Each structure stands twice: as C-alpha cells, then as structure tokens.
Amino acid sequence: MPKYYEIPELPGRKFFRCEPLRASITIEECGRRWHSGNMRGGPSAKSDDVSASPDASMRCLTCKGCAVGARHAGVQSANLSYLKGATICGRCHQGCTRLIGKHLCVSCYNRQREYLLGKNAKGTKPVKLATLQRRTITYLSAGQLRTKTLEHSVDMDELIVTVLRDEPHGLKFVPTLPPNFLAIRALEGA
Ligand SMILES: [Zn+2]
C-alpha cells in the first residue's frame, strides 16, 4: 500500500508517490489512468500507436497492469494482464484494428474460412494453416473454476491469449482436469 498524504493548499485530495510514474499523483488521477489504460482498443492495441506517442503510450501501459491503479479505480481482483481488452488476434497475436467474432484478425479469419471450406481462393487445398482443433483450457478466476473452449484453434497459446484478453478478473491457469473431476468439484462447491 502506498503512503498517502495531503497538501495544505489542496485539502481533501489524497496524494501518493507513484513509483512506476516517478511522480506524486492523486488517487483519482491514478484511477483515471488505470481506466484509460484498460479501455478496449486502448494504447496497447496497435504497435504503431507507440511510435506515434511513445511517452503517453508507455505511461498508459504502465498503468494498465498496475495493481495499485486497479484498487484506486475501484476494481476488485482485476485481470492485470497487458493483453486484457487489447484488440489483439487470439491466433497470430498481432494487434489489429478490429476483431472478427471478437477473436480473429481479418487475415486469420479468412484463412480459417478457406481451411474450413477446404480450398483457398485459387481452388487448391490450403497448406499454410496448421490443423484446427477443438481445445479447452481451465482457469481459476474470481474464486471459480472456469473453462474456455474454442471450436477451432491452432494451439494452446491461442486459448491462453484469448482468456488473458477477454477475462475481466484476475486469473490463474490450472492443468486441464478430466470432465468427471470437474463435475465432482462443481457438486462440492454447491
Ligand atoms: Zn490473426
């Protein structure tokens, strides 16, 4: 916990020393920065945003994953991953301007469509894309055991990126357990 203090000239406003920013800021300012860093499509969404304004982007990236910032923003057990809310393709992990089905970039989406159709635009069998499979990942979040299943995925990284990007709460991945074990856990928790 940071140490808070007030300035006589500005009564009622609590300041603290923010080490990542190397500055003294108020709790409100801190919470605002955390929120702006965590907006979907925020500064982390595209790598060229960083070159456009390196200073501002670095600041927001710093705030985005900050536990102190999350607390000041009034968000309990937030997902502090830098991927959270980013417009990043789950499969190729590239930042993009929009996600199709909230998951894939246009390029990966088109390749998946070709794969599923069994041919590409030239009518030949697509060779570039790895085999798509149904995969499930298990994680603990907000005190609950949850699973995420993707009908089509190329690897487990795709599921990890997806969960880190989309899950609002802090989480921990756990080894995937057999379904009957999960059913028993659910009964115990009821
Ligand atoms: Zn992609």
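Each ligand, and each atom within it, is numbered from 1 in the order the structure gives. Just so we're clear, the structure is a prediction, and the values are computed from it rather than from any experiment.
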Given R91 and H103, is the side-chain hydrogen bond (donor to acceptor under 3.5 Å, both in side chains) satisfied, shown in steps? CA-CA 8 Å; R91 188 163 298 162; H103 181 53; 4.9 Å; no
Taking the Zn ion (ligand 1) as the center, what protein N, O or S atoms are found at less than 2.8 Å? C89 SG, C92 SG, C105 SG, C108 SG
Residues that [X] engages under side chain to side chain donor-acceptor pair (under 3.5 Å), provided they are two or more places apart:
X    : answer
R134 : E151
R13  : none
E29  : R32, R33

With a 6.0 Å cut-off (strictly less than), is the heavy-atom count around CZ of F173, excluding the residue itself, greater than 12? yes
Aromatic contact between H72 and F16, with the criterion being ring centroids under 6.0 Å apart: yes or no? yes
